[in-house]
Structure formats: C-alpha cells, structure tokens
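These notes are about the structure you will find just below.
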Amino acid sequence: MNQVALPFKQIEANDLERMTKKQKRIKTFKGFSFLAPSVLLFSLFLFYPLGRTIYLSLFLTNSSGITTVFVGLENYQNIFLSPIFLKSLQSTFLFVLYTVPGAILVSLFLAIIANEKLKGIGFFRTMYASTMGISTAAASVFWLFLFHPTIGWLNQLLNVIGVAPIGWLTDPEWALISVAISTVWMNIGFTFLVLLGGLQSIDYYLYESADIDGAGYFYKLRRITLPMLSPTLFFVITVTFINAFQTFGQIDMLTRGGPQNETHLMVYSIYQEAFMNYQFGTASAQAIILFVFILVLTIIQFKLGERKVHYQ
Amino acid sequence: MHPVELIAVSKSYDRTTKVLEHIDLTIEEGEFFVLVGPSGSGKSTLLRMIAGLESITGGELRLKGNMVNHLPPKDRHLSMVFQNYALYPHLTVKQNILFGLHAKKVKKAEQEQRLYETAEMMGLTDLLNRKPKQLSGGQRQRVALARSVVSQAPLCLMDEPLSNLDAKLRAHMRVEIRRLQKKLGLTMIYVTHDQVEAMTMGDRIMVLNDGTIQQIGQPIELYNQPANLFVASFIGSPKMNLGEATIEDQQLTIEQTLQLPLSMSDIPQVIQRRNLIVGIRPEHLAYAKPEEADLWLEVINIEHLGNETLLTFEVGRELWTAKWLGQWLIQVGERVPLSVSIKHFSFFNRDSGALIQAPTENQHLEVVAL
Ligand SMILES: Nc1ncnc2c1ncn2[C@@H]1O[C@H](COP(=O)(O)OP(=O)(O)OP(=O)(O)O)[C@@H](O)[C@H]1O
Ligand SMILES: [Mg+2]
C-alpha cells in the first residue's frame, strides 16, 4: 500500500509545484507588462535626461552642447566658488522661505473660511481657486501692471495713503519680495483647492460631537481640523516647496533675474548658463546641485513630517 | 420639572414638506425613553433637534422647564452617542474620552479622577493609549459610551448606537447600556429602528412613522394594545397576522376564507360590520387536538428556531405565521389543526387604521404583575 501511495503522492506534489511556479511566472509577466508603458516613458523623459545631465556636468562643452574636455568635478568646484551662484543660492532659499509659508497660510485661511456653510459660498470658492486656471505668463503680465512704478495700482494706492512709491521690481530691497508675492498669488489657487478638498473630507460628525462636548471654534480648529488636515497639508507643503525651488516663468517675465541679481534664482541661473552663455557643463552641474538640494530637503521633510502627520 | 418637554414641535428642511409634525412629548427624570420607527421616519432629526444640532422649525423645546430652542448644543448639558461613534481618529482613547473635559477646562486632577473611574467602569483601562482604529467595534462602542459618561451630563442621547455591531455583541451591549443608565440615574433618549431593541430596553417607547407620533407607551402596552395598524405590524416579531374581515350572522369572515363563530359580547366595542381588519399575534394561533380544532390550515413554510417553531400559512392574500413552543416535526404541505379565540383578536378600522377593539385576553398566561 505504502509503496504504491508514495510515488503517486510525489508526482502530485511535483505537479503542484510546477503549476504554482508557472502561475508565478505568468503573474510576474503580467505585472511587468502593466508597468512597461510607464517604465518606458520614465526612462525616455526622466532617467535618460538625468543620466545625460550628470554626464554633461563632468565636461566642458562647446556652444552646441557637444562635450569637449573632461573636467571631473571641477564644474562643481567652480560653482561653489562663484559669488553669483552663492548669491543665487541665497536668493532661492529666501524665496522658498517667503513663498511656501505665505502660500500655505493664505490658502489655509481662505480654505477654512470657504468651508463654512453659507449662501453663495460657491462663488467665493470659484474665485479663490481661479488663479489655478491662469497661466504663469498671463499672471505675470497682470502683476507687471500692478507693479508698474507710475501707473501701477499698488503705487497709486500708496500714493493715496501718502506713502512714497516703491520700485517694486527695480528696487533690490523689494524685487524678491514682489516676485514672491506674485508667486504666492499664483500658487493659491491650487493649494486652496487641495486644502478645501481636505477640509471637506473631514467627517462632520466630529464637529457635532465636539459641539456637544462644549468645544469652541479655535479649540475645534486646533484639535480636530488641523490634525485631520495634516496629510493634506503635508502634501501641499511638499508640492509648493518643490515648486518654489523650480520657479522660472515669473522671474523671466517680471525681473529677468535683476536688479543686482537679487531675483537670480537657481533655475533662472541654470537657464542663463545653458542658453545664454552656452555653458552646458556648468548648467548641468547646477541642475544636479538643485536636484540634490530638493531631494535632501524633501527627505528631511518626510522624516520630520512622519511624526506629526496623522494618516487615517 | 421634566428633563425634556416637546410642545407641538415640527421640523421642515425645505419649508414645503414637514419631516416632523406636531410632536408632543414629555420625558420623565431617569427614564429610558426609546424612539423607534422605520428608516426615514424622522427619529434622528428629532434627536438632533433636542441636541441642538438641528434648528427647530416650529413649537417649543424645554429642558428642565426652560425653553431652549435657540441654545447652542454646548449649553444644553447633555451628551450624545452617534451611530458611527464619531471618535476622533487621530486621538488616543484617553484623549478621546477627555476631549470634552479639556474643552470645558475642567481641572487636571478631576479629569484624571473621572477618566480613571469611567475607564474602570467601561473596562477600558488597558486600552487608553490605543487609537480608535486599533479597537474592535465593541470596544469603540464602549469608548463612545465612556465619552458620554465622563461628561456627567444628566441627559444622554443615543442614535442607533448598536446598529454596527453583530447580533451577539448587540444583545450584550443592550444589557450593558441599560445597566449603566440605571446605575448612573441618567435620563436616556435612545433611537433605534429595531423594535426588539425598543421592546427590551425602553421604559417607554414612542413609535414614529412619517414624522408623526403613532403611539407612546410602555412596551407591553404597545404590544397588547397597538393604537393602530402601523404599530400593530411594527411591534412584535414575527409581526401580527392581519386580514380583512367582515361580520355577518354571528360569524367573523377573514379574507373571505376563514370563518369563525363569534358572539357580540366578545367584542362590545365593534359596531361596524364591514371595512374591518383583524389581527392576531403568532403565539395565539395555537396547536389544537384534531377533534378540538377551530380551523385547519396548510403549512407552506416552516422555520425551526430550536426552542420554538414558526409555521407559515396562506390566508387569502395574506401570509400568517404561527409560533409554537418546542420542536414540531411537520412537513410543508401538511394541514395542521389550530385553535383560535376571538378574545385574542384586535379589530381595526380599515380606512383610518385606528384600533377599535384590543384583544380582551392577551396571553395564555395573563400579564403577571409582581
Ligand atoms: N439635512 C437634511 N436635509 C433635507 N432632508 C433631510 C435632512 N436630513 C434628513 N432629511 C429627511 O428627513 C427625513 C427624516 O430623516 P431622519 O434622518 O430623521 O430619519 P431616521 O428616522 O433617523 O432614519 P434612519 O433610521 O434611516 O436613520 C428623511 O425623509 C430625510 O430624507
Ligand atoms: Mg437616523
């Protein structure tokens, strides 16, 4: 009995193993075939350019971007010794410091008031979100008018209240702030919409329960709204943060990096190196440095955020 | 002074249709009052109006004798347990329980004291540092209860607090809530759509349908003397057997198929002869010895519940159910002998649905008062 039963069982076990292996292979194949399009696109438009940039950053190039001399890390060394780049670095950090908290605080405030159940609130929600639909170029033109030294509304307003006019885009003291203000305005639409969505997904039962418990408005804001909104806030902060580092359009339109390089932010600097000065090697090195900055800061942010953010 | 009084209260969300109409209600101190009704009847709306979460369209709401129509929820000194518990997902059990005390700036020492007592009472001591999502349904339920207990509000509102639990846990929590309420002397308003829950928990029950009060009374009263057809068919499980009936020549004809002899003295309040609906509880369709049977009916379905057996018959266009104690080995299709007594029938007016005559005899054993 045993002798008959044993081989039979073995065959069965082998078969089973073969079958599961085959199924596993099919599964893996299926998984990869679903991944293939995005892997392809990413390789084409992300990984290859990244690799190419790293490669370029180690060379000097001629004006059409053909590598000429291998210089190793010299490009990086030169960059960190260049006062213009250091200035640009400083301006970029200042700019991030102005725009990220600015955009977040303003849009959080707007989102909280637009989340009230009032008549006609839809109108305000549309208004607040509307800057999302305006291109950087159009918005910049609009702000150019506002900032105009003589006929701009801002200076006219100052004139009315008896304050001396400000050279919004020409005064080195003000230029970065002005660009930051216009950037905050442009970013509000998106951050507002995302934050409002986050607010609306908070279960209203929580507020009713808190009402019965006797909680006041600010107590609810602090103990319920902000913690429940933290994942959304975190997302929005990360996105605005990365966006701020990558600001280009409004700089190009409003100040072209001036006055006195005050608004010479990193991406604008890269653009100038590459397409004005035809220094593709240095430009690539700057791009890599910017990439590393953003990467490191985002990682730090995630590490810090993890502890504070409450995920459902 | 009554803890809660509603005087001609009505509610409309859209100014055209009334969700609640002319609700008059007085709740006594320390009472377990159950609001029951089918889905959409306005139970939650009524409860939320008492809590102050919903505005009152018409009428007057009084708490402890004071009119409070416009008082915000936090000044009404009540606690509420929501159907989905409304626990704060980002706070621990301890923070959840203390949320209200913290908001009201109760002293630290007292907070600790109350937290300790409540956690002890609800068996939550070991769970204080967990987040709600790390709890089972029953534990979450207990946290929600603890939150309302810790507030020491004399009036507690509950909106279908057990509907998310499985049957066994629900039965257990019913007892626990009831015991807690008695122990703390709370006045409780408890909403449910489950009539069994209403019957087992309530000191008094209010049956609501389509925003109007159908009947208010003690569970036994509702069961024995349902004020109308709605209450009759809503309270009791399986539901009361109903059928259209006429009376002719000392004979009651039900659904044009069943005929029972009757004498007028059995039903002194029934004057009309047509347009009647009669009802009889399943336990009153009793087994009879074949030679003593009042009627024979064919069994079309049979359900064994272990300690009792449910038999379904076809009577005209209606399906009637009989509930017999014990286990009966009967086949579908068999005809079984039944005894029925006119004294167990309720009589309703078919047009208005109102009760004309309640059963003159209610149980095999009469209601026993101790
Ligand atoms: N915010 C609202 N706006 C408009 N109509 C509402 C609103 N809330 C409830 N209603 C309506 O009021 C009626 C009663 O609703 P309510 O929630 O009180 O029912 P319920 O008895 O609690 O039902 P359930 O057992 O399903 O919880 C329903 O017809 C419902 O559609
Ligand atoms: Mg409800």
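Naming convention: chains lettered A, B, ... in sequence-line order (proteins, then strands); numbering from 1 in each chain. Keep in mind that this is a model prediction, so the values were computed, not measured.
Judged by the 6.0 Å distance and 45° axis criteria, R222(A) is not positioned over the aromatic ring of Y217(A). Within the cation-pi definition used here (under 6.0 Å to the ring centroid, within 45° of the axis), K11(B) qualifies as a partner of Y13(B).
Heavy-atom distances place both the backbone and the side chain of H102(B) under 4.5 Å from chain A. Only the side chain of D203(A) comes within contact range of chain B, with at least one heavy atom under 4.5 Å from a heavy atom of that chain. Heavy-atom distances place the backbone of L87(B), and not its side chain, under 4.5 Å from chain A. Within the 4.5 angstrom heavy-atom criterion, atoms from both the backbone and the side chain of F99(B) approach chain A. There is no contact between D75(B) and chain A, counting heavy-atom distances below 4.5 Å. Within the 4.5 angstrom heavy-atom criterion, only side-chain atoms of R48(B), from C-beta onward, approach chain A.
A perpendicular orientation is assigned to the rings of F245(A) and F241(A), their planes being inclined by more than 60° (bins at 30° and 60°).
Top candidate by heavy-atom pairs under 4.5 Å with chain A, chosen from N84(B), L157(B), L78(B), is N84(B).
A donor and an acceptor atom, one from each side chain of T45(B) and E54(B), are nowhere located under 3.5 Å apart. Between the side chains of R114(B) and S151(B), no donor N or O sits under 3.5 Å from an acceptor N or O.
Checked against a 6.0 Å centroid threshold, the rings of F302(A) and F234(A) count as neighbours.
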